Protein chains: 2
Amino acid sequence: MTRGTGRSGNTAAPRSVDVARLAGVSQKTVSRVFNDEQYVSAEVRRRVLEAAEELGYRRNNAARALASGRTRSIGVVTLGTALYGPASLLMGVERVVRDTGYALRVVNTMEGDPAGMAGAVDSLLDQGVDGIVISEPIDEEGAAGGDGSTSLRLDIPVLVLGAPSPAAAPLVLTAGDGADLMAHTATEHLLNLGHLTVHHLAGPQRWFAARDRLEGWRATLTAHGRPVPPVVEGDWSAASGYRAGRELAENSDVTAVFAANDDMAIGLIRALVEAGLRVPEDVSVVGFDDIPVAAYVTPPLTTVRQPFDAVAQEGLKRLVHAIENPSAAPLPSSPPPVDLIVRSSTAPPPSRTTPARGGRTAARSRGGAHHPPLPNGGPSTHH
Amino acid sequence: MTRGTGRSGNTAAPRSVDVARLAGVSQKTVSRVFNDEQYVSAEVRRRVLEAAEELGYRRNNAARALASGRTRSIGVVTLGTALYGPASLLMGVERVVRDTGYALRVVNTMEGDPAGMAGAVDSLLDQGVDGIVISEPIDEEGAAGGDGSTSLRLDIPVLVLGAPSPAAAPLVLTAGDGADLMAHTATEHLLNLGHLTVHHLAGPQRWFAARDRLEGWRATLTAHGRPVPPVVEGDWSAASGYRAGRELAENSDVTAVFAANDDMAIGLIRALVEAGLRVPEDVSVVGFDDIPVAAYVTPPLTTVRQPFDAVAQEGLKRLVHAIENPSAAPLPSSPPPVDLIVRSSTAPPPSRTTPARGGRTAARSRGGAHHPPLPNGGPSTHH
DNA sequence: GTGAAAGCGCTAACAG
DNA sequence: CTGTTAGCGCTTTCAC
């Protein structure tokens with residue numbers, strides 16, 4: 001008697017035929033109303049809606065999917081991390097997916113996962129999705145067309161976020177792969193400040209995003225005819241940035257560093273400061289992402305803000321279009337804006353005469369365990 | 001035309017009956033094999049698997065769900081933020097959900113969303129899920145039993161993460177609601193260091209998690225017979241922590257602050273330092289979460305680490321049990337471990353004699369324009 | 001504008 | 001151990 005809402009209760013959930021009966025129409029008409037089809041009189045529509053409301057009717061999605069062949073859901077493959085970038089992207093994707101009337105299925109690829117991305121995509125295919133979003137993929141054996149083809153016979157549209165397409169599908173779209181441009185902006189900012197060259201603290205090179213940033217940086221230096229210093233590679237973590245910082249601190253040629261993300265930049269800065277160097281007076285640092293705390297660390301971080309929401313929205317719009325218009329040409333992509341946030345971790349290089357080097361060495365040798373907060377950092381140099 | 005199962009393009013997707021035919025068995029046997037049911041001879045099983053492989057067969061989930069009444073998927077409602085806590089929890093949930101053989105459907109509640117959590121849950125119900133996880137819920141009108149009951153007639157098990165149960169369902173489980181204990185640990189750490197009392201920079205009080213932490217803090221002070229200072233409320237952001245810090249910096253009674261998350265703690269520290277105070281010499285600060293950069297900011301942050309993965313795993317295990325054993329008693333919950341990470345942002349209070357106060361004022365007035373940003377923030381502003 | 005039939009591909013009882 | 005017979009609740013034709 002009690003009409004449960006859910007589908008799995010002891011009391012049977014109402015079906016469209018129950019609604020039809022109550023409204024005095026055919027079951028098909030109920031279906032018409034719920035699908036917003038035309039050719040239903042306003043009067044009938046009202047009666048149906050009323051009956052549905054009374055019964056607490058709710059369409060059974062499984063039946064819908066089975067009958068129509070469309071699941072009305074989109075799957076997203078993410079790297080199971082809580083890293084700010086990937087997490088932001090995922091949130092952006094969810095928003096847009098829901099707005100477009102689709103449901104979202106999520107699957108992670110843990111780094112080191114044997115099945116990897118192929119397994120994740122496969123699981124999505126098993127679940128049944130109309131389209132797939134691959135967020136910030138990383139390189140893996142078998143991920144692309146290689147042996148992985150076993151399970152990656154996709155025949156639904158795919159959107160790759162933050163990387164060139166790694167998968168072979170009938171329709172592969174990409175979005176948010178403009179990291180090189182952003183890296184260019186960051187690097188150029190440093191060059192414009194007067195630095196002779198810029199060092200790069202890269203992300204793990206298995207990540208497309210990391211390689212993109214590195215390429216943007218390298219290309220910029222080359223274009224300006226500057227030397228390209230050796231790259232230090234981190235793993236996105238502040239810890240790895242810290243380690244890189246200790247290394248970089250020993251090299252007195254380093255006056256500017258472009259870090260591939262903010263976490264590493266923060267770790268890097270800490271190492272530099274502990275080594276007796278001042279940021280930005282001795283070394284300028286630019287980060288990437290603009291994480292929430294970026295403006296509040298010491299010193300506030302100059303960084304490149306990634307337009308996650310814009311990227312997700314733009315990409316999804318095209319994916320949905322591809323899903324719903326299989327034969328039509330894909331929508332054109334529009335590049336996301338580049339947004340350099342200049343704060344206080346960047347400044348002109350120290351005076352170019354020898355003293356700089358001397359001062360630095362001195363600082364380093366005395367650079368014991370300063371900290372908690374650098375009582376020195378204060379009375380600033382550049383006015 | 002009739003066949004397209006969404007996943008298949010030109011060639012119709014193979015169905016179990018196709019596999020059956022090729023393997024020379026009945027369709028039901030194929031079903032048995034794929035469901036790992038017993039009573040199938042190894043020989044038959046092998047033949048079926050082989051045929052399936054050859055055809056590229058893949059079960060149709062919609063049909064499965066329709067026939068069985070179980071969707072084999074779990075829905076999770078999250079706040080659409082990339083905040084470290086919620087994001088970590090989500091990743092943890094995904095991992096466990098997949099491990100248990102379920103699929104994950106995700107829906108966000110944007111803060112300020114009119115439909116709010118009720119809408120999110122409703123959407124999950126529409127999609128069809130066997131259980132729901134509500135991650136870090138916040139207070140909303142209509143969220144609980146109130147008027148929201150319209151759409152929140154749940155009859156599937158629910159797991160609430162990081163809060164006492166806000167929803168009325170046949171079976172509501174909770175996990176990760178031990179924030180008060182952790183807050184207790186943090187507060188006591190400060191007290192043990194010799195601080196007379198501890199101030200609290202709280203999270204937005206609409207969040208259960210924020211209220212929990214506040215309660216734990218308050219209870220601890222009370223238990224120790226210490227005065228309970230007024231609470232400053234932030235919004236989890238470093239910016240709000242910064243604002244709170246400027247306020248707190250004016251009060252010379254403040255020697256220890258427990259911030260409800262690390263982001264706010266970082267903003268807070270920045271404000272204190274800009275005001276000429278030293279952390280931890282003048283003021284100790286404890287954060288909450290242990291975000292990745294916590295160990296690398298200046299000074300490295302003493303904080304409470306939340307065991308997100310453990311919480312997710314423990315909670316999901318119980319949720320899945322409840323889904324699969326509707327009548328059985330729910331599994332008992334085990335409290336997550338408390339993990340205080342002591343780094344360098346906490347220390348004994350400044351000497352308790354009057355000088356402390358004087359020294360502080362002096363420090364503040366001489367504070368000058370430390371730090372690049374806000375050339376104003378530092379000196380004199382507040383006299 | 002509306003309705004009646006016929007499946008979608010699978011699982012769920014029951015037979016053998 | 002294996003097969004048969006019914007549906008699950010909806011969307012599709014195609015009539016009316």
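Chain naming here is simple, since letters A, B, ... match the order of the sequence lines and numbering starts at 1 in each. Predicted model, so just to flag it, every value in this text is computed and none were measured.
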The complete set of salt bridge (charged side-chain N to carboxylate O under 4.0 Å, His left out) pairs with one or both residues in residues 316-329 of chain A, sequence neighbours excluded, reads A/E314-A/R318
Return the set of residues passing side chain to side chain contact (heavy atoms under 4.5 Å, CB included) with [X] (not counting sequence neighbours), or none when no residue passes.
X: A/S123; result: A/V107, A/Q127, B/R98
X: A/A42; result: none
X: B/A67; result: none

Upstream residue (5' side of DNA chain D) when B/A67 and B/S26 are each assigned their closest nucleotide: B/S26
Does a nitrogen or oxygen in the side chain of [X] sit under 4.0 Å from OP1 or OP2 of [N]?
X: A/N60; N: D/dC8; result: no
X: B/T29; N: D/dC1; result: no
X: A/S31; N: D/dT11; result: yes

Look at all strands and tell whether A/Q27 reaches a base, only sugar-phosphate, or nothing, counting heavy atoms closer than 4.0 Å. base
Checking all strands, does A/Y57 fall into the base, sugar-phosphate, or nothing category for heavy-atom contacts under 4.0 angstrom? sugar-phosphate
Is any side-chain heavy atom of B/L125 closer than 4.5 Å to one of A/R58? yes
If you define the side chain from C-beta out and look only at heavy atoms, does anything of A/V160 sit under 4.5 Å from A/V172? yes
D/dC10 C1' sits how many Å from B/N61 CG, rounded? 17 Å
Using whole Å, report how far CZ of B/R21 lies from C1' of C/dG9. 13 Å
For DNA chain C, the dot-bracket notation using Watson-Crick and G-U wobble pairs below 3.5 Å, [ ] for pseudoknot-type crossings and | for other-strand pairs, is |||||||||||.||||
Polar side-chain atom of B/D122 near backbone of B/A118 as donor-acceptor pair, under 3.5 Å: no
Counting distance only, does the side-chain N/O of B/T29 pair as donor-acceptor with the main-chain N or O of B/V25 below 3.5 Å? no
Contact list (N/O, under 3.5 angstrom) for nucleotides 13-16 of chain C vs protein:
none

Which sits closer to the 5' end of DNA chain C, A/L66 or B/V30, going by the nucleotide each is nearest to? A/L66
